[in-house]
K.L.:
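Got a structure here, written out as structure tokens. Questions coming.
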Amino acid sequence: MAKDKVREPAVGLGEWKVGTEITPEMVAELRKIYADIEEAGKEKDVKIAELEETVKDKNKIISESHGIIDDYKEIVSDKDALIAESQGIIDDYKEIVSDKDALIAEDQKLIEEQKEEIVRLLKGQLPNSTSVPPKEGETVIRFLLSPAGRFKLPYNVGQEVALHKEVAAEIVESAYAEYVVEVE
């Protein structure tokens, strides 16, 4: 019974029974088939090696990409910190400008008060001055020469008076007087 048992067909050899004589052609054909299988295996090994190399390259690129992403995240974090710091500087600058504006207003007020005080003190100390304080647009001058003849003004030499700026400028230009105080 074992002698009549049919084996599975061999690739390209058809059916053969136990005890069938193996011919050199069959061996040659089996060697060719084995060589083809071996060659196909080598090609697959090369393809597998190429794929493994590709996978390694891709993994390397992915790893580098993660490094780049981490660097980018650090840069973004640094940028955010710089923006926050810049906003703090801007806020400080706004506060300084606000303080500066308040100081300028305060200084202007002090300057005006000092001007008024100077005019008041000069009025009290001016010898031969008129008792009329200078008004807006007037200038205080001291006569060096008598204005009675040329300008028909009833003032004496050394007397200080407040006159309109244009009149005072004409008298000072003619060297009959000098400026003492100018009120704006």
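This chain uses plain numbering: 1 for the first residue, then up along the sequence. Bear in mind the structure is a predicted one, so any value in this text is a computation, not a measurement.
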K.L.:
Nearest 0.5 Å, please: how far is CD1 in Ile96 from CG in Asp101?
P.N.:
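If I round to the nearest 0.5 Å, the distance is 12.0 Å.
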K.L.:
For the residue pair Tyr176 and Phe151, categorise the inter-ring angle as parallel (less than 30°), tilted (30 to 60°) or perpendicular (more than 60°).
P.N.:
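Correct class here is perpendicular.
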K.L.:
Hey, could you give me the CD1/CD1 distance between Ile104 and Ile111, rounded to the nearest 0.5 Å?
P.N.:
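The distance works out to 10.0 Å.
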K.L.:
Tell me the closest heavy-atom pair linking Gly149 and Lys152, and the distance in Å.
P.N.:
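So the two residues come closest at O-NZ, 3.2 Å.
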K.L.:
Report the distance from atom CD of Gln114 to atom CD of Glu116, rounding to the nearest 0.5 Å.
P.N.:
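CD of Glu116 is found 10.5 Å from CD of Gln114.
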K.L.:
How long is the straight-line distance from CG of Leu110 back to CG of Leu103, given to the nearest 0.5 Å?
P.N.:
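Leu103 CG to Leu110 CG: 10.5 Å, rounded to 0.5 Å.
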K.L.:
Determine yes or no for a side-chain-to-main-chain donor-acceptor pair under 3.5 angstrom, with Gln159 supplying the side chain and Asn156 the backbone.
P.N.:
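Judged by distance alone, yes, a pair lies under 3.5 Å.
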K.L.:
I'd like to know if the side chain of Glu138 reaches the main chain of Lys135, judged simply by a donor and an acceptor atom lying under 3.5 Å from each other, with no hydrogens or angles considered.
P.N.:
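Answer holds: yes.
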K.L.:
Write out all pairs satisfying side chain to side chain donor-acceptor pair (under 3.5 Å) with one or both partners inside residues 64-73, taking only residues at least two apart or from two chains.
P.N.:
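Not a single pair qualifies under side chain to side chain donor-acceptor pair (under 3.5 Å).
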K.L.:
Heavy atoms, side chains only, cut-off 4.5 Å: are Leu163 and Ile171 in contact?
P.N.:
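Of all side-chain heavy-atom pairs linking Ile171 with Leu163, at least one is under 4.5 Å.
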K.L.:
Are Tyr179 and Thr139 side-chain neighbours, meaning at least one heavy-atom pair lies under 4.5 Å?
P.N.:
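Result yes, sub-4.5 Å side-chain heavy-atom pair found.
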K.L.:
For Glu170, enumerate each residue passing the side chain to side chain donor-acceptor pair (under 3.5 Å) test, keeping only those at least two apart in sequence or located in another chain.
P.N.:
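Testing Glu170 for side chain to side chain donor-acceptor pair (under 3.5 Å), a comparison that skips the adjacent residues, returns none.
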K.L.:
Is Leu144 linked to Val140 within one hydrophobic cluster, defined over Ile, Leu, Val, Met, Phe, Trp and Tyr using a side-chain heavy-atom separation of less than 4.5 Å?
P.N.:
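No; tracing contacts between hydrophobic side chains, which count when under 4.5 Å, never links both residues.
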K.L.:
Is there side-chain contact between Glu178 and Ile141, with heavy atoms separated by less than 4.5 Å?
P.N.:
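No - every pair of side-chain heavy atoms lies 4.5 Å or more apart.
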K.L.:
Looking at Glu85, I want to see if its CD is surrounded by more than 12 non-hydrogen atoms of other residues, nucleotides or ligands under 6.0 Å.
P.N.:
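Result for CD/Glu85: open.
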K.L.:
Donor-acceptor pairs under 3.5 angstrom involving side-chain atoms of residues 52-59: please list them, not counting sequence neighbours.
P.N.:
from: Thr54; atom 1: OG1; to: Glu50; atom 2: O; distance (Å): 2.9
from: Asn59; atom 1: ND2; to: Val55; atom 2: O; distance (Å): 3.4

